[in-house]
Amino acid sequence: MPSYAWLIVWLPLLGFLHNAFAGYLYKDLAARKKAVSYIAPGVVLAAFVVTLAVLKNEVLTAADHRVIVPLIPGLSPETPWINIAGFKANFGLLLDPLSMLMAMVVTGIGGLIHIYATGYMAEDREQPRFFTYFNLFIFMMLLLVLGSNFLMMFVGWEGVGSCSYLLISFWYTDENNAKAGNKAFIVNRVGDLGFALGMMAIWSVFGTLSYFGEKGTGVMQMAARHVDLLGNPLNIGVVTLICSLLFVGAMGKSAQIPLWVWLPDAMAGPTPVSALIHAATMVTAGVVMLTRCSWLFVQAPGALQLVGWIGLATAFVGATIGLVQSDIKRVLAFSTVSQLGYMFLACGVGNFTAGMFHVLTHACFKALLFLGSGAVIHSMHGEQDMRKMGGLKKLIPRTWFVMFIGTYAIAGFPFLSGFFSKDEILGSASASPWGNGVLLYGVGLLTAFMTAFYMNRLMHKTFYTDARFVDGELHAHHHSNFDEHEDAHGADAHAHEGANDHGHGDAHGGGTVHESPPSMMIPLYVLAVLSVLVGIVLGPTKIFEHFLEPSVARLDLGPLAEVTPLVPEIVGWVISGAIAIGGLTLAAMLYGSRKQTGELTTEASKVKNPLYAFLANKWCFDLVYNKVFITIGGKFADRVLWKYVDVRLIDGAVNGVANAVGKISGTIRKVQTGYVRNYALGILFGVVALLVGLLAQWTTLNR
Amino acid sequence: MILSNGASLAAIAPILAVMITGMIVLLGDSCLKLWRQAKWVSPTISVLGLVVSAALACSLIGTSGQQLAFSGALTADAFSQACNIILAVIAALAVMGSATYLENRGLQHGEYYVLVLFSTSGAMLMAAASELIVLFVAVEILSVALYVLAGYARTERKSEEAALKYFLLGAFAGGFLLYGIALIYGGSSSIVPGQVGTTNLRALGIYLHQMPAPNQMFIAGTALLMVGLAFKAALVPFHMWTPDVYEGAPTSVTAFMAAAAKVGAFAAILRVFNAFIPISEYWLIIVQVLAVATMFGGNILAVVQDNVKRILAYSSIAHAGYLMVGISALTGSGAATDALKAEAHSAAMGGITFYLLAYGIMTMGAFGVLIWISRRGRDVQTLNDLKGLVKTDPVAAYTMLIFMLSLGGIPPTMGFMGKWFLFYATLQAGQLWLAVTLALASIISIYYYLRVVWVMCFTEPDENAVAPGRAVASGGVVVSLIASAAATLLFGVAPGLLHSLMDAASTVLRP
């Protein structure tokens, strides 16, 4: 039976092509935007449906729940994509529980965010460009998770990076946005280098880049047997090197210390971008990659321990910074950093399944929170500063409700989805194979407490405290690459506003707070339901664990042994629940008693407090990086690399050679006279030269 | 395996298909009035015939082994079928690109297609010939048709001049080719005592393998044979006709000439030198000198040209140089063991096959863009005509960009992969210095390819350039351009899709 899995990947690509060429297809802007707003979410949701069908018909019926199918229909999965000098990579899609899980998240949650974005971006004149990048992102992300070898993952990896860059600086006329895009791209290059080196190391050890192959020829299968390409036992040092290099790649993409600095700045993009790329999908690619390579990682205890420590540190640092942010999206950004840290912590102690479970639940509630905050920002006409909000619960009760669900889910309130996934991670952290379970568990709990606190702080500042703005006199902060004047007179853009169900006609005047349109609210309701149910349905019932089992290596495959957790599961639940409720309550008490200002202290006393300053400066990461890489590195680049190496050495040599070539060329072109007799003479000269040359060679050889 | 006469005919069916189509078009056009009046009939029938030929070649490429047809005069192996496919593709692109162009220049006559088809069959025969006499006949079939095509615009002095130059010099070089064959016949009689001479490449290969000690006459014959083929392939110093002829001939003819003649010539060079590998210590250095001279000569001379057709002419010379590097790699002279030598040989075979296809497609594409943007009554000739093209005709400009990048060997294009394969084969053959030279020569080429891009994209349109007006070409040329551009990108990203073609070509002709 032919596989239909290729459709999952090709559908978003078709959407991308349609949106990219929408300018040619529809001359009228309103018609173009309308077509795009149906096609873009349509292809993603169609891909979701295909994913479900493929999961049911192809994956769950296969042996080991694993099949490799062609990317291009009709070809065999073994058809080479590149076949050079024994280096071979195939065009295959690997369908197994892990890739299917991610495909469902990417197309399912991605589809919801697409629907949301049709409302959010409706007024932007460049809406088709936005959805072009958005569909391309989905395509690249699917390539990343579904590819059957490291090279295809790398293609997707770089592709999503590019889309991320394009979307962060979507409103490029604001220089800060452009800078944020650059920062994300440049920091990610560091990680990508690690990934590329890791891939080369894998090639040199295993002689293939495929995860799984016929008769156990894949990297993972060899790793499971502890052998390399030639059948020799694996060298632990080499595997540790490979895993560490891959982890450097994961650090960049998933914003782990020390490469995390780009993620908070990435919030400069439109909010659906933050939800889709910088919370739900792309940033979890690192966790997916680690899980995909779990067979390698369990063989390399050193690398695993590194992953655990980095994850713990990131979770903790991210949470502390989240405590002092005043921009609603930045709170969520640091919370994402912190939650990603949790996922890596789970991987680091060998419980990859728990990490992936948190990827799933986090995708639901973080998408919910980001989209909810987007709805808040939308209602506030582009205001993002929580100091200028307050009292929104009465004005936009529906938005409040979904945000409330999201907050309790991420805080780990008992029986919501975050509770189960986080508890799973904390439980396995306490069962760390390194014997440092108490420390990991303690810091993990502290982080969970902070998470609950800053999330409820966000809710109070935004919804419960007294309003710190005057309704009806809000200034529009709408982002656009075109100035207001131009926008208002862009005839078709304006006409579109009336046609839309959006009811946002007052966008350009002083506005009142209003609920968001249905296209934005419906995805929020769906995500709210998911945030409540996903945990309890899949977690305690062990459905998720059994589902993912074929894709994940067991820890005892390597030299490490499993340890029993510090506390039994039920006690763990009680502790986690108590911590979450404690954090939520503390925030409620502190902010509930300062309803008017919504601030614990005055701005003046904040400035004096060194701890506050330290946290507000993000632990001085940016300061140090600026000093070392931008100032000192910049001077080196300027004085040595540019003025000396580039201008004198390289340019000198290049220009010199170029001048010489030009002169030679001008000289010898004179031979080209245009007379046949001269040309014939040239041939005769060649004949003599060849005859003399060959006969001289004959004489030399036969002397 | 020696085939019976009937089986021989079946084995060269792709070539016959082209020849028969040519005859049908010739007869139909001259005898049927309706046929002549409907301008689309000849090109359509020609393309159909070429498609049939390519399909036949595709179906025959799997039947492996050295099938000796007609008592060994032709070899119908996978390599010749691969060349048939490449040549059929080139000719089909040429026919599609020509139709409206010719009509608007008042040159639309049925014999144009007949000539294209006959010269294609000549090039196909060159790729299959394993008898030097057959090779000579094939060269003449190819050339005579091309001489006429070069002068096809009878009323234009430049076109006539091109045809005459090409004919005179071609005849001159043809003499050397024939004399070389005669000397080889004489020289080979003494290689194996008691044998009479032979001009059969396969027999020569076996003799040379058994006793690699040729006499002076044989060596002199090899030199003259090399001259004849080098003229066809436009290697320095036998290249001087190229720019003048390419410039003077109608652009659609130039495109076909540049692509098809070179593919045929290299297929023949490959067959000859493959048979002569046992005596490679005699000729290898000469081939390498020719390669280096051709690469640098073509590229350096292209730098100062202002005429796009001349730039492309010199560029085609440079590409012949790259292909000669592949011929040098066939010998695996620097490889340590026999196994490595065999590996270098198959890498070079695969690389040359891939490169021939890539070269054919991107050359047809680049000239095709020139055809596309030519206006009634005036051909696009100079860089001046391309100024600001990105503003006046963005699609043409971007298509040209793809071909320029590909010719320059910049990823993700076929040209890059082709150069990569040649480079790799050269390294496998242990000829590091030649690989480095190849890279250095390509750097020079980037200058003039990017110069074309620069003129198109970063200058303002010139008012004195070809005036905007109704395009002379449409339909067919657009299809052929889109197909070429898509193939250039597709096989640049996924060369593995041509894996079977390359593999088939490289498994035969093992030394």
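- By number of non-hydrogen pairs under 4.5 angstrom with chain A, the leading residue of B:F231, B:F296, B:Y447, B:F238 is B:F238.
- With a 4.5 angstrom heavy-atom cutoff, B:Y448 does not touch chain A via any of its atoms.
- By the neighbour-count criterion of 12 heavy atoms within 6.0 Å, atom OH of B:Y179 is sparsely surrounded, having that number or fewer from other residues, nucleotides or ligands.
- The line from CD1 of A:I683 to CG of B:L169 is 5.0 Å long, rounded to the nearest 0.5 Å.
- Neither the backbone nor the side chain of B:V236 comes within contact range of chain A; no heavy atoms are under 4.5 Å apart.
- Between the CZ atom in B:F218 and the CH2 atom in A:W698 there is a gap of 13.5 Å [rounded to 0.5 Å].
- One distance of note links OG1 of A:T700 with CD of B:E281; it measures 10.5 Å at 0.5 Å rounding.
- Using a 4.5 Å cut-off between heavy atoms, A:N90 does not touch chain B at all.
- At a 4.5 Å heavy-atom cutoff, B:L235 makes no contact with chain A through either its backbone or its side chain.
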### Task
Would you sort out whether A:L684 and B:F172 count as a side-chain contact (heavy atoms from CB on, under 4.5 Å), showing the intermediate values?
CA-CA 9 Å; A:L684 201 62; B:F172 190 48; 4.2 Å; yes
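- Both the backbone and the side chain of A:I668 come within less than 4.5 Å of a heavy atom in chain B.
- Pairing each heavy atom of A:G686 with each of B:P237, the nearest pair is CA-CG, 3.7 Å.
- Counting only heavy atoms from C-beta outward, the side chains of A:V676 and B:W241 never approach each other to under 4.5 Å.
- Atom CZ of A:F185 has more than 12 neighbouring heavy atoms from other residues, nucleotides or ligands inside a 6.0 Å radius.
- Within the model, atoms OH of B:Y282 and CG of A:L695 stand 11.0 Å from one another, a figure rounded to the nearest 0.5 Å.
- Considering CG of A:L690 and CG of B:L290, their distance stands at 5.5 Å, rounded to 0.5 Å.
- Applying the side-chain contact (heavy atoms from CB on, under 4.5 Å) test between A:V661 and each of B:V304, B:I443, B:I300 identifies B:I300 as the sole match.
- Heavy atoms closer than 4.5 Å to chain A are found in both the backbone and the side chain of B:A220.
- Proximity to chain A (any heavy atom under 4.5 Å) is shown, for B:I219, by both the backbone and the side chain.
- Judged by distance alone, with hydrogens and angles left aside, the side-chain atoms of B:K165 form no donor-acceptor pair with the main-chain N or O of A:Y675 at under 3.5 Å.
- Interface check for chain B: of the options A:G662, A:A658, A:G682, A:A680, the most heavy-atom pairs under 4.5 Å are formed by A:A680.
- Proximity of a side-chain donor or acceptor of A:Q672 to a complementary backbone N or O of B:M240 within less than 3.5 Å is detected.
- Taken from CG in A:L691 to CG in B:L224, the straight-line distance is 5.0 Å, to the nearest 0.5 Å.
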